[in-house]
Amino acid sequence: MRRSLLYTSIGLVAFLGFLITYLPASLVWAQFKDKTAEILPALRVLTIEGSLWHGQADLRVGDFTPSRVTWQLASHRLLAGGLPLQITATGSGHKLATLITLEPSSMVIEDLSGTLQPDYLNQLGARFGLSTSGAVTLENIQLGVNQTWLSTATGRLNWAGGQFIFPDPRGIGLVNLPPLRGHISLQEKAFSLDVTQQNNGLDAQLVSLLLKPDGWVTVAIKARLFKLAQLPWPSSDSLDDTALALEEKLF
């Protein structure tokens, strides 16, 4: 009885290993693409090749430049549960790498790092009339995603500094700014991004962004940013006061 159970277990493991190694990724994607379209309607899979073990796909999000995404099974993480994949995304103006673990009802993104060049960033800012001359680096970003929203969010962004162009009632505004940092967190289910500048060894807040699960984003621009950019701002008692607040529904 024990020997029969042992042989059955070995056979099951071998069969699962065969599926992971040789099952075409296109067949797996066909099972999930409808659900993915509900969650990420802007995502388009242009091509997909390879297997669950190792493959690649060309993806496009909205009107952004396409990305070549490659993945490889992180076999050393299999015992931790889920399907762990080492993933890279490269294309014009961007290069990212991360470890993603897929589970039946969630996804965990670990150590997301890389660089976004200005030409890629400006595709995102075009909707709001924003552009920049400085690149952004991503450092050790961790995200947990469940069926409805984010479960965790931590990490940091670094902007190299340079020109920043924004809409202005008098035309186009342009300022030169020093390097800035962005701190990612989750605050009462809202995705939070705090933009700061190093000041006497401390992070002085310039901008606060909150993205809620219902798609509403709120941006609070502090008086300190206006002073740093040498722009006029409403009188306030403290540079930590919000000089300008914006709100918009993104999705």
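Because the structure is a prediction, the values reported are computed rather than measured.
- One hydrophobic cluster, built from ILVMFWY side chains closer than 4.5 Å, cannot hold both L121 and I165; they sit in different ones.
- Under the 30°/60° scheme for interplanar angles, the aromatic rings of F64 and Y120 are found to stand perpendicular.
- Not a single donor-acceptor pair under 3.5 Å links the side chain of Q56 to the backbone N or O of W71.
- Between Q163 and the options L177, T132, V175, N176, a side chain to side chain contact (heavy atoms under 4.5 Å, CB included) holds for only N176.
- Put simply, the side chain of N146 never gets that close to the backbone of S105: no donor and acceptor are under 3.5 Å apart.
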Step-by-step side-chain contact (heavy atoms from CB on, under 4.5 Å) determination, D111 to N140:
CA-CA 4 Å; D111 194 24; N140 194 30; 3.4 Å; yes
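- For I172, the CD1 atom sits in a loose shell: 12 or fewer heavy atoms of surrounding residues, nucleotides or ligands are nearer than 6.0 Å.
- Under a cut-off of 6.0 angstrom, the local environment of CZ in R44 is sparse, with at most 12 non-hydrogen atoms contributed by other residues, nucleotides or ligands.
- Residues A135 and T115 approach most closely at CB-CG2, 4.3 Å, considering heavy atoms.
- Shown here for Q205 and D194, the closest heavy-atom pair between the two residues is NE2-OD1, 3.0 Å.
- Checked against L157 for a side chain to side chain contact (heavy atoms under 4.5 Å, CB included), the options L116, T137, L138 give a single hit: L138.
- At least one side-chain heavy atom of S92 sits less than 4.5 Å from a side-chain heavy atom of D119.
- Within the 4.5 Å cutoff, the side chain of I141 has no heavy atoms near those of the I109 side chain.
- One hydrophobic cluster holds both V61 and L59 under the rule that ILVMFWY side chains link at heavy-atom gaps under 4.5 Å.
- Counted within 6.0 Å of CD on Q230, heavy atoms from surrounding residues, nucleotides or ligands total 12 or fewer; the atom is thus considered open.
- Put simply, the side chain of T98 never gets that close to the backbone of I100: no donor and acceptor are under 3.5 Å apart.
- Using a 4.0 Å cut-off between charged side-chain N and carboxylate O, R224 and D240 make a salt bridge.
- A donor-acceptor pair shorter than 3.5 Å cannot be found between the side chains of D203 and Q197.
- Across all their heavy atoms, W159 and V136 have their closest contact at CD1-CG2, 3.7 Å.
- No donor-acceptor pair closer than 3.5 Å links the side chain of S208 to the backbone N or O of A220.
- Residue G114 comes nearest to L96 through the heavy atom pair CA-CD2, 3.9 Å, listed as atom of the first residue, atom of the second, then distance.
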